[in-house]
Amino acid sequence: MSSRGLVVLADGAQAAFCAGVVAQLTASGRRWGEAAAAGLAAQVALLALAGEAEEAARRFLRLAQEGAALFRPALAYAREGLNEGFLLLPDPFRLSGWLSPAALGEYLAPETALAGRVKLWLCTEDLASGQRGWRELTHGGRLSEAAAFPWGFPPAAGLWGGVGACAELDFPPLSSPEVDVVCGFPWPAVERPGLGNALLATVQRREEIAAALTVTRWAGQRSGLQVFAPTQEQYAAFARRDGALLGVEYPLPVEHNAELVSLMVEFGRFVGAQQGG
C-alpha cells in the first residue's frame with residue numbers, strides 16, 4: 001500500500017477541478033493508501049483510492065455533456081411536475097436546498113458499493129448538536145451527508161458537510177507522512193468582484209474563504225503537505241488570454257453551467273501537470 005495520503009476539499013461544481021487534478025496525478029504515477037474529503041469531492045477521493053481516478057474526471061465530463069443536470073436548481077425539477085400555466089413561488093424559509101437531493105443520490109449511487117472497502121474520512125456536522133468531525137466512510141449514505149452544503153444540497157439525516165464544515169477542525173487523522181491536498185476553491189482566497197450581496201453567492205463565498213484559511217492553518221502546522229488549488233497565476237497561464245481573472249470566472253459551487261464544469265476538469269489537469277512533476 002502507498003504511504004501517501006490524499007485530502008480533497010470541494011463543494012458542488014468546484015469538485016470538477018479536483019477530479020482533473022487527481023486524474024492527472026494518477027497519470028503521473030501517484031497512488032494513495034488513505035484519504036479524507038469534504039463536500040462532493042468525497043466522490044473524487046473515493047474513486048482515487050479505488051484506483052479509478054480517471055473515472056471521476058470522466059463522470060464530470062459526462063455531466064457537462066448532460067448540461068450539468070446535477071447542479072440544476074431543485075425548483076426547476078419541481079416545475080416539471082406542474083401543469084403549464086402555474087407559477088411556483090416557494091417559501092424560502094421552507095426551501096430545504098437550492099439543489100436536488102434526488103439528483104445527488106442518483107449521481108453518487110455507483111460509488112456507494114465502495115463504502116467500507118477503502119480508508120476514507122469524511123467531514124460532517126451534526127445540525128442538532130453542532131458537533132463537527134472526521135467520520136470514516138462505513139456506508140454509502142455518508143457520501144450524500146458529506147456532499148450537502150449550505151445553500152446547496154440539503155442536509156441528509158440531520159447531517160451535512162461541505163468545505164465550510166472543516167473550518168474548525170484539525171488536520172484529518174491520516175497516518176501518511178506525505179499528503180496531497182487538493183482544493184476546489186481558490187487558495188489563497190481571491191476577491192470575487194461582481195457578486196454583490198446576494199445571499200446564495202455570499203454564503204458560497206464565506207464557505208470557500210473559511211476553507212482556504214483552514215488549509216493555510218494546516219500547511220503551517222504540518223510538513224509534507226503539497227497543496228493543489230486554483231490560483232490567479234495558474235489560471236492566467238491556463239486561459240492564455242489577457243484579462244483572465246480567477247475571481248471573476250471561476251465558478252461557485254452551485255454554478256449551473258456545463259461549459260464551466262468541463263473547463264474546470266481541464267484546468268485541474270493543467271495544475272496537476274504543472275505541480276505534480
(message) Please evaluate residues Leu49 and Leu6 with respect to the criterion side chain to side chain contact (heavy atoms under 4.5 Å, CB included), reporting the C-alpha separation (whole Å), side-chain torsions for both, the decisive distance (0.1 Å), and the verdict.
(response) CA-CA 9 Å; Leu49 289 179; Leu6 175 67; 5.6 Å; no
(message) Quick check: do Val22 and Val182 have side-chain heavy atoms less than 4.5 Å from each other?
(response) yes
(request) Evaluate side-chain hydrogen bond (donor to acceptor under 3.5 Å, both in side chains) for Thr216 paired with Trp187, printing each intermediate quantity in order. (result) CA-CA 8 Å; Thr216 298; Trp187 180 78; 2.9 Å; yes
(request) Could you tell me whether the side chain of His256 and the main chain of Leu70 form a donor-acceptor pair under 3.5 Å? (result) no
(message) Given 3.5 Å as the limit, does a donor-acceptor pair link the side chain of Arg31 with the main chain of Thr26, or not?
(response) yes
(request) Report the distance from atom CG of Leu114 to atom CZ of Arg117, rounding to the nearest 0.5 Å. (result) 6.0 Å
(message) Between Glu111 and Arg59, does any side-chain N to carboxylate O distance fall below 4.0 Å?
(response) yes
(request) Please round to the nearest 0.5 Å and tell me the distance separating atom CG of Leu122 and atom CD of Glu136. (result) 9.5 Å
(request) Look at the side chain of Thr214 and the backbone N and O of Ala167, then say whether any donor-acceptor pair between them is shorter than 3.5 Å. (result) yes
(request) Could you please spell out the steps behind the side chain to side chain contact (heavy atoms under 4.5 Å, CB included) verdict for Trp134 and Cys166? (result) CA-CA 8 Å; Trp134 297 101; Cys166 66; 4.1 Å; yes
(request) Quick one: pull up CD in Glu207 and OG1 in Thr202 and give me the separation to the nearest 0.5 Å. (result) 12.0 Å
(message) Between Arg72 and Ala68 (side chain of the first, backbone of the second, donor and acceptor by atom type, cut-off under 3.5 Å), is there such a pair?
(response) no
(request) Decide if atom CZ of Arg241 counts as having more than 12 heavy atoms of other residues, nucleotides or ligands within a radius under 6.0 Å. (result) yes
(request) Examine distances only and state if a side-chain atom of Glu66 and a backbone atom of Leu61 form a donor-acceptor pair shorter than 3.5 Å. (result) no
(message) Looking at every non-hydrogen atom in both residues, tell me the closest pair between Ala212 and Pro186 and how far apart they are.
(response) CB-O, 3.8 Å
(message) Taking Leu225 as the starting point, is it possible to reach Val163 by hopping between hydrophobic residues whose side chains are less than 4.5 Å apart?
(response) yes
(message) When you group the ILVMFWY residues by side-chain heavy-atom contacts below 4.5 Å and let the links chain together, are Phe149 and Val7 in the same group?
(response) no
(request) Could you tell me whether the side chain of Ser144 reaches within less than 4.5 Å of the side chain of Leu108, counting heavy atoms only? (result) yes
(message) Would the distance check show the side chain of Gln232 and the main-chain N or O of Ala244 forming a donor-acceptor pair, the cut-off being under 3.5 Å?
(response) yes
(message) Would a single hydrophobic cluster contain both Leu159 and Phe153, if residues Ile, Leu, Val, Met, Phe, Trp and Tyr are joined by side-chain heavy-atom contacts under 4.5 Å?
(response) no
(message) Restricting to non-hydrogen atoms, name the atom on Ala69 and the atom on Leu63 that form the minimum distance, rounded to 0.1 Å.
(response) N-CD1, 4.0 Å
(message) Which heavy atom of Leu40 sits nearest to which heavy atom of Gly12, and what is that distance?
(response) CD2-O, 3.5 Å
(message) Do Trp98 and Pro154 have side chains that approach each other closer than 4.5 Å (heavy atoms only, starting at C-beta)?
(response) no
(request) Find out if a path of hydrophobic residues (ILVMFWY) with successive side-chain heavy-atom gaps under 4.5 Å connects Leu47 to Val181. (result) no
(message) For the CZ atom of Phe270 and the CD atom of Gln24, what is their distance to the nearest 0.5 Å?
(response) 11.0 Å
(request) Locate the shortest heavy-atom distance separating Ala35 from Ala45; write the atom from each residue and the value. (result) CB-CB, 4.3 Å
(request) Could you tell me whether a side-chain N or O of Thr112 sits under 3.5 Å from a main-chain N or O of Ala109, the two making a donor and an acceptor? (result) yes
(request) Could you check if a side-chain atom of Gln204 sits within less than 4.5 angstrom of a side-chain atom of Phe185, using non-hydrogen atoms only? (result) no
(request) May I ask you to decide if Val179's main-chain N or O and Ser176's side chain share a donor-acceptor pair within less than 3.5 Å? (result) no
(message) Quick check against the 3.5 Å criterion: does Gln226 have a side-chain atom that pairs as donor or acceptor with the backbone of Gln275?
(response) yes
(request) Kindly give the heavy-atom pair with the smallest separation between Ala37 and Ala42, and that separation in Å. (result) CB-CA, 3.5 Å
(message) Whether the side chain of Glu34 engages the backbone of Leu120 through a donor-acceptor N/O pair (distance < 3.5 Å, no angle test) should be reported.
(response) no
(message) If I compare all heavy atoms of Ala38 with all of Cys123, which pair ends up nearest, and what's the gap?
(response) CB-CB, 4.0 Å
(request) Kindly indicate, with the supporting measurements, whether the criterion ring pair (Phe, Tyr, Trp, His ring centres under 6.0 Å) is fulfilled by Tyr250 and Tyr235. (result) CA-CA 9 Å; Tyr250 194 76; Tyr235 185 68; 7.3 Å; no
(message) Is there a path of hydrophobic side-chain contacts, each under 4.5 Å between heavy atoms of I/L/V/M/F/W/Y residues, joining Trp121 to Leu169?
(response) yes
(message) Any carboxylate oxygen within less than 4.0 angstrom of a Lys/Arg side-chain nitrogen, looking at Arg30 and Glu178?
(response) no
(request) Give the C-alpha distance, both sets of side-chain angles, the deciding distance and a yes or no for side chain to side chain contact (heavy atoms under 4.5 Å, CB included) between Val265 and Phe17. (result) CA-CA 5 Å; Val265 174; Phe17 171 85; over 6 Å; no
(message) Ring of Phe238, cation from Arg269 - is the NZ or CZ under 6.0 Å from the centre and inside 45° of the axis?
(response) no
(request) Answer yes or no: is there an ion pair linking Glu208 with Arg192, defined by an N-O contact shorter than 4.0 Å? (result) yes
(request) Show the numbers, then the answer: is there a side chain to side chain contact (heavy atoms under 4.5 Å, CB included) between Leu46 and Leu143? (result) CA-CA 9 Å; Leu46 180 58; Leu143 285 173; 3.9 Å; yes
